[in-house]
Amino acid sequence: MSESRLQFSDIYFATEPYIKSVGQVRIGASGIGWKAAEGEKEALQKLSVPGLSAASGMLAIQRDDLRRIQWQRVARGYGLRIYMKNGTLHKLDGFTADDYETLRDSIKRLFHGLTLEVRDISLKGWNWGKTDFEGTNMTFRVDNRPMFDLPMAYVSNTNLANKNEVSVEFQPPQGKNLKRKDAPDELTEIRFYVPGTTTTSTNANGAKKAAKEEEEEGGEDEEEEVSAASVFHETIKDRADLGQVSGDSIVQFSEILCLTPRGRYSIDMYSQFLRLRGKTYDYKIPYDNVQRLFLVSKPDELHMIFIVGLNPPIRQGQTRYPYLVLQFVRDEEVAIDLNLNADEAAQRFEGKLRPHYDEPLYRIVANVFKGVTDKRLIEGGGFRGYHGSQGIKASLKANEGTLYPLDKGFLFAPKPTHYIPHSEIASIVFSRVGASSSNKMRTFDLKFNMHGSQDYQFVSINREEHASLEEYMEQHGIKMLSELNETTAVSYKGMDEDSDGENGVGKGAAAFNPAAALGSEDESSEDEDFVAASESDVPEEFDDDYESPDDDAE
């Protein structure tokens, strides 16, 4: 180790969560460098970290870009937190306690004006403190010592749960080399109780600034008192975007009607994620979360439904939404130019996007989603109902909707949206289809018996759709059962017939044997002690000549 350059081995690159790549650190007069060891470059592939070359496995931090360097106790011993002037934070873990003095002296000597700061972590375990935003991280402090950090880069949504409570939801880090089943437990939501109020001022343009800034500027704007929770909520929304939106969006769709979750949302499409912005909720959804895309027509033939399947689903409090259901007017046509030229569309998206679209809005949205997510767009198949529509009206429990028989599965929309692949269906049972002509039902039920999962039963399906559904099942090789084949019906037809048979017993009564129906064991035996008597021989208590057995005894 020379005096002009320090070198440390077995140091982890910890800037990106879940990345376990070991290498060497070199600190010289030009800056700080980290290089992955042999065989450790694979973990860095397709990472987008400023200053990191994934191909060569090297991280280069120039001296002039350094702002602060901190020394901190971490899970892997000790680590360096390197703050850049552009707001980026790099982490290098794996140092030992004996390395502190060497690093402190070298940083002071090599980087004029910088010192190695010691960052002490609070271990009190309190659940109250103060928050401090630094770059793209939020630090929770107790007694002016940091307790934990929350990276704003992974905030997927934040909203005011109530007047003084702010919820922050996190999107798990997405790496092409990280399988979800191998990921450890993750923090998905945290809530902060923020009491009190603060003063803001609103200028003529409606932009809010802190009261302190207004006083310094000498502005004459009116002051307004708002809750501290709302200010904290807006700060998180602003900080969550730092370092994430690189350049302008590819395209923006404004005021799209969303059936699930309900409301009108604006959709901003970026190269790696989309932004779903409403009046109350704001979501950041990576394209890796998109699992399926559906485009179907409503039975009224006036609207189109575009469905986006998500995993993990977005959340509003305790409610999960695994599907985005967007509704469009079929005849609404627009002309849209994407923020891409022909070369970018051909290189970045391999020709799956066009710079210009002039067609129905639902088709533009579906094609853009298909291009940026690289997912297959599933449209209505060859099935046609009795009235020629792609789907048939049905109800799932108490929810009315439309059941769409597609080429490889069934789709029920809009709420609750379910997709049932053919491969998961064991059999289908048609119920209430064999009623007699005198008691003919107008609707029937359809039950899906599944392989190892809960069954689905769709009710109130128009009887006219039975023939087309039966033909669809036969074409796709789905096993069909009838409820009449599973249960034996009991006929009471003979009980309704009137006939003057012998001894006053009709044919219907002779045909129906109560003892046989009950399975009595004494069917052919007689009670010798029983003496039959006419009902007219039985004295009644209200008769004048009635005599009780006690009177006879007297």
Side-chain angles (χ1 to χ4, degrees), residues 157 249-269 274-283 285 287 289-311 313-316 319-336 357-373 375-381 383-385 387-406 409-420 458 460:
N157 183 33
S249 62
I250 298 174
V251 65
Q252 182 184 58
F253 302 106
S254 302
E255 297 297 319
I256 301 297
L257 177 60
C258 191
L259 302 182
T260 305
R262 191 73 180 177
R264 287 192 175 272
Y265 290 83
S266 295
I267 304 175
D268 299 327
M269 310 289 291
L274 67 91
R275 198 85 188 173
L276 192 66
R277 295 184 292 105
K279 292 182 178 179
T280 306
Y281 296 94
D282 192 344
Y283 298 96
I285 305 175
Y287 295 137
N289 292 6
V290 177
Q291 303 299 313
R292 290 188 176 96
L293 301 174
F294 301 94
L295 182 63
V296 292
S297 173
K298 294 190 71 173
D300 60 8
E301 298 296 332
L302 299 177
H303 297 87
M304 298 294 295
I305 294 181
F306 179 61
I307 301 175
V308 182
L310 301 175
N311 186 21
I314 61 176
R315 301 169 62 241
Q316 289 185 4
T319 306
R320 297 173 178 268
Y321 294 98
Y323 292 93
L324 298 179
V325 183
L326 311 179
Q327 179 174 295
F328 301 89
V329 178
R330 178 188 287 269
D331 297 333
E332 182 182 0
E333 295 191 5
V334 295
I336 293 180
Y357 289 89
D358 188 0
E359 52 191 0
L361 179 59
Y362 73 87
R363 180 61 62 181
I364 298 176
V365 174
N367 288 337
V368 171
F369 267 84
K370 178 183 177 182
V372 296
T373 62
K375 298 293 182 181
R376 175 174 171 263
L377 179 62
I378 303 175
E379 301 191 44
F383 174 84
R384 291 295 180 270
H387 298 285
S389 60
Q390 293 181 354
I392 57 177
K393 292 184 178 181
S395 296
L396 180 61
K397 296 182 179 179
N399 301 289
E400 295 182 357
T402 305
L403 182 64
Y404 295 93
L406 306 177
F410 291 86
L411 175 69
F412 182 78
K415 183 181 180 180
T417 305
H418 285 287
Y419 178 65
I420 309 174
F458 300 94
S460 302

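We're numbering straight along the sequence, starting at 1.
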Q. Given side chains that start at C-beta, do those of Leu361 and Ile256 come closer than 4.5 Å, heavy atoms only?
A. yes
Q) Short question: side chain of Tyr362, backbone of Glu332 - any donor-acceptor pair under 3.5 Å? A) no
Q. Can the ring centroids of Phe306 and Phe369 be said to lie less than 6.0 angstrom from one another?
A. yes
Q: Spell out, as yes or no, whether a donor-acceptor pair under 3.5 Å connects the side chain of Arg277 to the backbone of Ser266.
A: no
Q) Backbone N or O of Glu301 within a donor-acceptor pair of the Arg330 side chain at under 3.5 Å? A) yes
Q. Can you find a heavy atom in the side chain of Pro261 that is under 4.5 Å from one in the side chain of Leu324?
A. yes
Q) Counting N and O atoms only, with roles assigned by atom type, does the side chain of Ser389 sit under 3.5 Å from a partner on the main chain of Gly385, one being a donor and the other an acceptor? A) no
Q) Side chain of Gln291, backbone of Gly309: donor and acceptor closer than 3.5 Å? A) no
Q) Does a side-chain N-to-carboxylate-O contact under 4.0 Å join Glu400 and Lys393? A) no
Q: Measure centre to centre between the rings of Phe294 and Tyr419, then say whether the value is under 6.0 Å.
A: yes
**Q.** Minimum side-chain heavy-atom gap Arg363-Leu295 below 4.5 Å
**A.** yes
Q | Check: Asp282 main-chain N/O paired with Asn157 side-chain donor or acceptor under 3.5 Å | A | yes
